[in-house]
2 protein chains.
Amino acid sequence: MNRELLLLGLLRQGATHGYQLHDFIERNLAFCTDLKKATAYALLDKMQAKGWVSAEEVREGARPPKRVYRLTPAGEAAFQQLLRRSLSATDEESDVGLAFIDALPADEARQLLAQRRDALAQQLAAFQAAPQHQGGYQLLIEHQMYRLRCEVAWLDKVIARLRARHSRRAAGHKRTA
Amino acid sequence: MNRELLLLGLLRQGATHGYQLHDFIERNLAFCTDLKKATAYALLDKMQAKGWVSAEEVREGARPPKRVYRLTPAGEAAFQQLLRRSLSATDEESDVGLAFIDALPADEARQLLAQRRDALAQQLAAFQAAPQHQGGYQLLIEHQMYRLRCEVAWLDKVIARLRARHSRRAAGHKRTA
DNA sequence: TTTTCCATGTAACTCGTTACATGATTTC
DNA sequence: GAAATCATGTAACGAGTTACATGGAAAA
């Protein structure tokens, strides 16, 4: 799902072909995901079958022809939905959504991240309510709790930043009104 | 690999059957892994084929018989190897190893975690050296860097704790000597 | 008596990777 | 002339999940 979000998000910034998409991901996003060539091509095929992207055969000179994909309106709709889901989800893998957060109004982005934040805070509370274990198990749990605390703190920072941006914009509107 | 480590680690604390293993994992370790029944049974089969565990058919009363697995010496060796690899690895999934950290001498555990720590610190340094991106991409990168910093800090705490335990033990030895 | 628990397993499927094949073009 | 880059694709495989089948026992 997040791989699809990623491809849609990249295609949203301009039509390209599979090779370039894979190349970009490998060069710039290797730290958060890895998408092999075969997978990328297969995924683009699948997305075309779903009507999310349209393909156009382009040949330059005598080179092997490229299949240039571009987002369809249905693809944009799918992107929006996947993005919202990604931003509010708590699983590690759905971090890619952050790369496209600017595609949403700051206010909505803030709400979605707040959902994520609250879900994580709830997980943390569940741990705190549960009885202690011993030895290594306890260490594992402490690690998880530590991570949850960090994540909540980070989200709070980002949410505050989005709120500030929102109110700055509101102030700007007031001034220009 | 980590699933195997997990099963080996649990079997190390006493022979049991697949159902119980799956049940324990689902009840107590759902926050860090999920291992479906079918997967657990298949994995135990595979591990038996590798000679890591031996199986014994046990029937109590008229109940369906259980296949009770117990660790073999080869299984213990595999456990040790997987554990060391897990503790020094940086990928998210290899957190299970922490649950079995007590199986190693505190001194060695400390070294392995220090390896992990250094690898993460290096990843962080690579980010800091790289040029800034803009918008959402930068947010994604900042998130990753934040996580890396948290993780390094946590490992430093745990490492310090292990060092303290080690020197306490050394002091104890001196006193008793 | 119907549901839940104990206990194991199989078959079909999805997702993704690996390894390979193809072939032209640019770079060393 | 060899190697890397551009560009796409297929076939085989592996790991894991889903959904199902099978039964007896205990609990509601």
Side-chain angles (χ1 to χ4, degrees), chain A residues 1-8 10-11 15-30 32-50 52-70 82 91-94 96, chain B residues 1-8 10-11 14-27 29-30 32-50 52-70 82 91-94 96:
Chain A
M1 344 266 90
N2 293 305
R3 291 155 184 267
E4 291 185 325
L5 173 61
L6 176 56
L7 289 176
L8 290 173
L10 293 177
L11 282 174
T16 39
H17 54 286
Y19 187 92
Q20 205 163 63
L21 285 166
H22 168 260
D23 196 58
F24 179 84
I25 291 167
E26 209 176 47
R27 277 187 215 283
N28 302 302
L29 300 171
C32 74
T33 188
D34 72 323
L35 186 69
K36 298 299 151 76
K37 274 187 200 174
T39 313
Y41 287 126
L43 231 41
L44 287 167
D45 259 13
K46 250 181 64 185
M47 285 165 54
Q48 189 187 4
K50 286 198 258 194
W52 290 1
V53 296
S54 63
E56 189 196 358
E57 204 91 348
V58 172
R59 54 179 62 227
E60 292 164 356
R63 300 245 202 124
K66 320 175 198 176
R67 312 204 73 215
V68 171
Y69 293 92
R70 64 167 21 89
L82 289 175
D91 48 299
E92 305 285 339
E93 291 142 34
S94 69
V96 215
Chain B
M1 343 266 89
N2 294 304
R3 291 157 185 267
E4 291 183 325
L5 173 61
L6 176 57
L7 290 176
L8 290 174
L10 292 177
L11 282 175
T16 40
H17 54 285
Y19 188 93
Q20 205 163 62
L21 285 166
H22 169 259
D23 196 58
F24 180 84
I25 291 167
E26 209 176 46
R27 277 188 215 283
L29 299 171
C32 74
T33 188
D34 70 324
L35 186 69
K36 297 300 152 75
K37 274 186 201 175
T39 313
Y41 286 125
L43 232 41
L44 286 167
D45 259 12
K46 252 182 63 183
M47 285 165 53
Q48 189 186 4
K50 285 197 258 194
W52 291 0
V53 296
S54 62
E56 189 196 359
E57 204 92 349
V58 173
R59 53 180 62 227
E60 293 166 355
R63 301 245 202 128
K66 320 174 199 177
R67 313 205 72 215
V68 171
Y69 293 92
R70 65 166 22 88
L82 289 175
D91 49 299
E92 305 284 339
E93 291 142 34
S94 69
V96 216

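Here is the naming used below: chain letters follow the sequence lines, and residue numbers restart at 1 for every chain.
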Task: Smallest separation among heavy atoms of B:Tyr69 and B:Leu11, with atom names - done: O-CD2, 3.5 Å

Open item on the list: Let's see if you can work this out: which of C:dG9, D:dC6, D:dT18 has an atom nearest to the side-chain heavy atoms of B:Arg67?
Closed with: C:dG9

Open item on the list: Tell me the interatomic distance from A:Gln20, atom CD, to D:dT5, atom C1', rounded to whole angstroms.
Closed with: 13 Å

Task: Gap between atoms CZ and P, on A:Phe24 and D:dA7 respectively (whole Å) - done: 16 Å

Open item on the list: Measuring to OP1 and OP2 of D:dT8, would you say a side-chain N or O of A:Tyr19 lies under 4.0 angstrom away?
Closed with: no

Task: d(CG, A:Leu44; P, C:dC15) in whole Å - done: 15 Å

TODO: Quickly work out the A:Lys37 NZ to D:dA4 P distance and round it to whole Å.
DONE: 13 Å

TODO: Describe the nucleic acid contact of A:Asp45 in one word from base, sugar-phosphate, nothing, applying a heavy-atom distance below 4.0 Å.
DONE: nothing

Task: Atom pair distance, as rounded to whole Å: OH in A:Tyr41 and P in D:dT8 - done: 4 Å

- [ ] Please examine the side chains of A:Thr33 and A:Asn2, heavy atoms only from C-beta on, and report whether any two atoms are closer than 4.5 Å.
- [x] no

Task: NZ-CZ distance between A:Lys46 and A:Arg3, expressed to the nearest 0.5 angstrom - done: 10.5 Å

Task: Interatomic distance, A:Leu6 CG vs C:dG16 P [rounded to whole Å] - done: 12 Å

- [ ] For B:Asn2 and D:dG16, give me the distance from atom CG to atom C1', rounded to whole Å.
- [x] 14 Å

- [ ] For A:Arg3 and for B:Asp23, locate the closest nucleotide of DNA chain C by heavy-atom distance; then report the residue assigned to the nucleotide nearer the 5' terminus.
- [x] B:Asp23

Task: A:Lys66 NZ to D:dT5 P, straight-line distance once rounded to whole Å - done: 17 Å

Task: Nearest to side-chain heavy atoms of B:His17, which nucleotide of C:dT17, C:dA7, D:dT18 - done: C:dA7

TODO: Run through A:Arg70, A:Arg67, A:His17 and flag the one making a side-chain contact (heavy atoms from CB on, under 4.5 Å) with A:Glu56.
DONE: A:Arg70

TODO: Let me know, please, whether B:Lys46 or B:Lys36 comes out on the 5' side of the other along DNA chain D by nearest nucleotide.
DONE: B:Lys46

- [ ] Would you name the heavy atoms of B:His22 and B:Leu35 that are closest together and state the gap between them?
- [x] CD2-O, 2.9 Å

